[in-house]
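Model, not experiment: these values are computed from the prediction. We number each residue from 1, following the sequence as shown.
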Amino acid sequence: FADKEIYLMADLSKMNKVENETIDKWKAGTEVPDNQWVAGTKFAGTFDGQGHSIQGLYLKTGQQKGGLFSATTVDATVKNLRLENSYFEHVGSQAAALGSVIGQCEGLLDTVYSDAVIKGNSLMYGGIAGYVKQGATIRNCWYSGDMMLGDKGGWAGGIVGEIYNGSKAIIEHCLVTATISTEYKSVPSVAGICGIIEGKGTTVTIVDTLSAGTVI
């Protein structure tokens, strides 16, 4: 989709039927919906949600990257979107980059809301993006979901899990009102905004951004 513009013309509310206890059943593993999301490979275009919502996504994967988009390129833009009543889980031993919107984030992510549940047990988890590999701007984003890491730990943040070695990242005008928790007993890298900023040459600017949720 390089140089292509994709527009969401209406709310997508029938991916899966979500009722009051549906997400709890997905968390517990007692219910698996008929329609399971398969995130595509790297997205290189512009996706404009035009203020519409996508509801009822369910992704349970052992793949390395996952989210609404598994990955984006430095030329990609994802904007003007609401992701609601959705569930993303990483299983297995393979290291993961899982975010509700983008697993491996590059490019521009602007004006996106997510209340998704995110669950996993190894490496990078973000309410909005799993990790930033090269360069990304995350602007006007709000995560109000529930993120749960198991006893193997990992790096988790309400906006992004990890900003990677040598990356250049800007996080501005963002809000986190989520609950982020881990069962890891040693020294976890779990935080309201970003779990870990790693490595020589990494440049991160965080402006006008608030974490008002709960970190456990």
Side-chain angles (χ1 to χ4, degrees), residues 5 42-54 65 67-84 88 97-116 118 123-147 149 154-182 187-216:
E5 296 181 2
K42 275 192 175 182
F43 179 75
T46 295
F47 184 92
D48 187 348
Q50 299 195 108
H52 293 297
S53 66
I54 299 175
K65 304 177 187 72
L68 174 63
F69 297 92
S70 63
T72 52
T73 71
V74 292
D75 297 318
T77 296
V78 178
K79 62 183 181 179
N80 302 328
L81 177 68
R82 295 177 65 87
L83 184 59
E84 299 175 323
F88 300 88
L98 187 67
S100 67
V101 184
I102 304 170
Q104 176 183 307
C105 180
E106 300 174 49
L108 175 63
L109 189 53
D110 190 359
T111 314
V112 176
Y113 168 81
S114 171
D115 64 7
I118 299 172
L123 285 190
M124 300 159 285
Y125 300 88
I128 300 296
Y131 81 116
V132 174
K133 183 180 180 182
Q134 294 185 30
T137 297
I138 301 175
R139 176 189 300 146
N140 302 322
C141 292
W142 176 12
Y143 178 56
S144 70
D146 188 5
M147 189 185 311
L149 271 65
W155 304 321
I159 299 298
V160 60
E162 178 187 18
I163 299 176
Y164 197 65
N165 199 8
S167 297
K168 291 178 171 55
I170 299 171
I171 298 172
E172 58 184 6
H173 316 309
C174 291
L175 174 65
V176 178
T177 56
T179 297
I180 304 168
S181 62
T182 181
V187 185
S189 295
V190 176
I193 296 169
C194 179
I196 187 169
I197 299 170
E198 179 189 7
K200 186 176 180 180
T202 303
T203 303
V204 180
T205 302
I206 301 175
V207 178
D208 188 27
T209 290
L210 174 65
S211 171
T214 302
V215 178
I216 303 170

### Task
Look only at the side chain of Ser167 and the backbone of Val132, and say whether a donor-acceptor pair between them is shorter than 3.5 Å.
yes

### Query
Side chain of Thr179, backbone of Asp146: donor and acceptor closer than 3.5 Å?
no

### Minimum side-chain heavy-atom gap Lys79-Phe47 below 4.5 Å
no

### Task
Of all the heavy-atom pairs spanning Val74 and Glu106, show the shortest one and how long it is.
CG1-OE1, 3.0 Å

## Note on the structure
In terms of heavy-atom contacts, Met147 and Gly157 come closest through CE-O, 3.4 Å

### Pairwise side-chain contact, Tyr125 with Thr182, heavy-atom cut-off 4.5 Å (strictly under)
no

### Query
Of all heavy-atom pairs between Asp208 and His173, which one has the smallest distance, and what is that distance?
OD2-ND1, 2.8 Å

#### Entry: Contact summary for Trp155 and Leu149, nearest pair of heavy atoms
N-CD2, 4.2 Å

### Message
When you compare the side chain of Val176 with that of Ile159, does any pair of heavy atoms fall below 4.5 Å?
### Response
yes

### Query
Which pair of heavy atoms, one from Ser144 and one from Thr177, lies closest together, and at what distance?
CB-OG1, 3.2 Å

### Asp110 vs Thr77 side-chain heavy atoms within contact, under 4.5 Å
no

#### Entry: Interatomic distance, Ser211 atom OG to Ile206 atom CD1 [nearest 0.5 angstrom]
10.5 Å

### Task
Find the distance between CD1 (Ile170) and CZ (Arg139) and round it off to the nearest 0.5 Å.
7.5 Å

### Task
Kindly indicate whether the side chain of Glu84, heavy atoms from C-beta on, has any atom under 4.5 Å from the side chain of Asp115.
yes

### Query
Can you tell if the side chain of Phe69 reaches within under 4.5 Å of the side chain of Leu109, non-hydrogen atoms only?
no

### Task
Quick one: closest heavy-atom pair of Ile138 and Ala129, and the distance?
CD1-CB, 4.4 Å

### Task
To the nearest 0.5 angstrom, please state how far the CD atom of Glu198 sits from the CD1 atom of Ile163.
11.0 Å

### Message
Nearest 0.5 angstrom please: Lys133 NZ to Asn165 CG, how far?
### Response
11.5 Å

### Task
Please identify each residue that fulfils side-chain contact (heavy atoms from CB on, under 4.5 Å) with Ala44, with sequence neighbours left out.
Ala2, Thr73

### Query
Sub-3.5 Å donor-acceptor pair from the side chain of Tyr164 to the main-chain atoms of Thr202, do we have one?
no

### Task
State the OG1-CZ distance between Thr72 and Phe43, to the nearest 0.5 angstrom.
9.0 Å

### Message
Just verifying a value: how many Å separate Leu68 CG and Ser114 OG, rounded to the nearest 0.5 Å?
### Response
9.5 Å

### Task
Check each of Val101, Leu108, Asp48 against Val78 using the side chain to side chain contact (heavy atoms under 4.5 Å, CB included) test, and report the only one that passes.
Val101

#### Entry: Side chain to side chain, Val204 and Cys194, heavy atoms closer than 4.5 Å
no

